[in-house]
Novice: 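Sharing a structure below in structure tokens format, with a few things to ask.
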Amino acid sequence: MAEKGVARAPFDLQVVSPDGPLTAYHVGCVTNKALYVHGGINKAGSTSPLSGFHRYDFGSGTWKEVRTSGSPALSHHACVVVGDRYIVLVGGWNGKSRVSDVAVYDTVNDSWSYPKTTGFPAGAGLSSHTATLLGNGDILVVGREGSLRMQRRTGSAFMLKGDVAKGSFHYNEHVISVTSRTGHSLHVIGTKVVIIGGRDDKVLEVQGLEKALSTGPTMHLASVGTHASDLTPMTKGMRSRRHHASVACGKGAIVVHGGWTFDGKNRDPVSDMYLLMMKPEVQWFSLGDTGVARAGHVFCPDTERVFMHGGETGRGVITGTLFELKVGK
């Protein structure tokens, strides 16, 4: 039976495709008029990542495996889209170790490349981290896993600078000081870096960002923020969680869904959804239970639409259902 979202109106998760690739702890993005998902795992708890790469065509409403040679086997990695053409994969677990390498897929030429990557601290790697494209073209990478000694000696935020055409990228430790997190999400709202979850305390962390690095206004589901006035703010905010999915929308709004909570009350991923408003003040709002329990899933925003794919459900089942987050007027 197909799943159906039951979030509080006017928010709803609607099934777009029930038969997408089965994967969790993967990456996904929308570019060049299609949705792409890469890697992940197809069995709960697996340490063997996938190299599978799939494309969902909006025009035909069908999935197709991209079989171009060179696709890396990765899970718990991150990705950004550069120039509405290049899908840049950053770090992840390759089945043997956590890596900081960069891999690039060219959606126009249908080819993979592996730029030379330097500057990341020896003895540590990237897994369950975030990568965010900034206004100047640099990539902000937050979160790292390695030895305790290495984590104390190096920061958890890095600026990844590079050029796809030149085939090289370099990490520099960034000046902001963030707390240790894994399985978190991150968004840039104006000149603020907003980090959600990834640890059992301090569910929300906000850091400043230089104006030159800020991104332009987010237009994904721009109407989301207008509904905050119809909701009652929460007194304690959202319970912290990891491996949830979140997406930045217009007017300083962020929607957060699912994940694993830290309080021990849930043995399976949760299905609740929340609205975080960063403007004019920080406030949390409950959007209710969607009926769609997920962890290790991804939100994939298009210009005006937001899709949600994959993830781990209850009892360790991996799913490939593709939803669209719908927001009424």
Novice: Will you find, in the side chains of Thr179 and Glu205, an N or O donor that is under 3.5 Å from an N or O acceptor?
Specialist: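 Distance-only check passes for Thr179 and Glu205.
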Novice: Quick one: does Leu213's side chain get under 4.5 Å of Met159's, heavy atoms only?
Specialist: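 Yes, at least one pair of side-chain atoms sits under 4.5 Å.
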Novice: Through direct or indirect side-chain contacts below 4.5 angstrom among Ile, Leu, Val, Met, Phe, Trp and Tyr, which residues connect to Val108?
Specialist: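 Answer for Val108: none, a lone residue.
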Novice: Side-chain heavy atoms under 4.5 Å apart, restricted to Ile/Leu/Val/Met/Phe/Trp/Tyr: what other residues fall into the cluster of Phe262, or is it alone?
Specialist: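 Reading the cluster by chain and number, Phe262 sits alone, since nothing else belongs.
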Novice: State, yes or no, whether a side-chain contact exists between Lys279 and Ile189 at a heavy-atom distance under 4.5 Å.
Specialist: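 SC-SC contact between Lys279 and Ile189 confirmed.
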Novice: Would Arg239 and Asp263 pass as an ion pair if we require N to O under 4.0 Å?
Specialist: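 Salt bridge flag = yes for Asp263 with Arg239.
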Novice: Going by the rule ring pair (Phe, Tyr, Trp, His ring centres under 6.0 Å), which residues pair with Phe58 if we only count those two or more places apart in sequence or in a different chain?
Specialist: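 Tyr56, Phe307.
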Novice: Only one of His257, His309, His26 forms a ring-ring contact (aromatic ring centres under 6.0 Å, His included) with His297, so which one is it?
Specialist: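 Looking at His257, His309, His26, the match for His297 under the ring-ring contact (aromatic ring centres under 6.0 Å, His included) is His257.
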Novice: Going through the distances and angles, do His243 and Tyr25 end up as a ring pair (Phe, Tyr, Trp, His ring centres under 6.0 Å)?
Specialist: CA-CA 8 Å; His243 297 303; Tyr25 309 100; 5.1 Å; yes
Novice: Would you say the rings of Tyr105 and Phe53 are close, in the sense that their centroids are separated by under 6.0 Å?
Specialist: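 Yes; Tyr105 has its ring centre under 6.0 Å from that of Phe53.
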Novice: Stepwise, does the side chain to side chain contact (heavy atoms under 4.5 Å, CB included) test hold for Met278 with Val206?
Specialist: CA-CA 10 Å; Met278 297 301 299; Val206 181; 3.8 Å; yes
Novice: Going by heavy atoms in the side chains, are Glu312 and Asp268 under 4.5 Å from each other?
Specialist: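 A side-chain contact under 4.5 Å is absent here.
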Novice: May I ask you to check whether His77 and His38 place their ring centers less than 6.0 Å from one another?
Specialist: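 Ring centroids of His77 and His38 are less than 6.0 Å from each other.
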Novice: Between Ser246 and Ile196 (side chain of the first, backbone of the second, donor and acceptor by atom type, cut-off under 3.5 Å), is there such a pair?
Specialist: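 Not confirmed, Ser246 side chain does not pair with Ile196 backbone.
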Novice: I'd like to check Arg98 versus His76 (side-chain heavy atoms, cut-off strictly below 4.5 Å). Are they in contact?
Specialist: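 In short, these two side chains do not touch, never coming nearer than 4.5 Å.
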Novice: Are the side chains of Leu209 and Val188 in contact, using a 4.5 Å heavy-atom criterion?
Specialist: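 Sidechains of Leu209 and Val188: in contact.
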Novice: Under the side chain to side chain contact (heavy atoms under 4.5 Å, CB included) rule, what do Leu126 and Val141 come out as? Steps first, then yes or no, please.
Specialist: CA-CA 9 Å; Leu126 291 167; Val141 179; 3.8 Å; yes
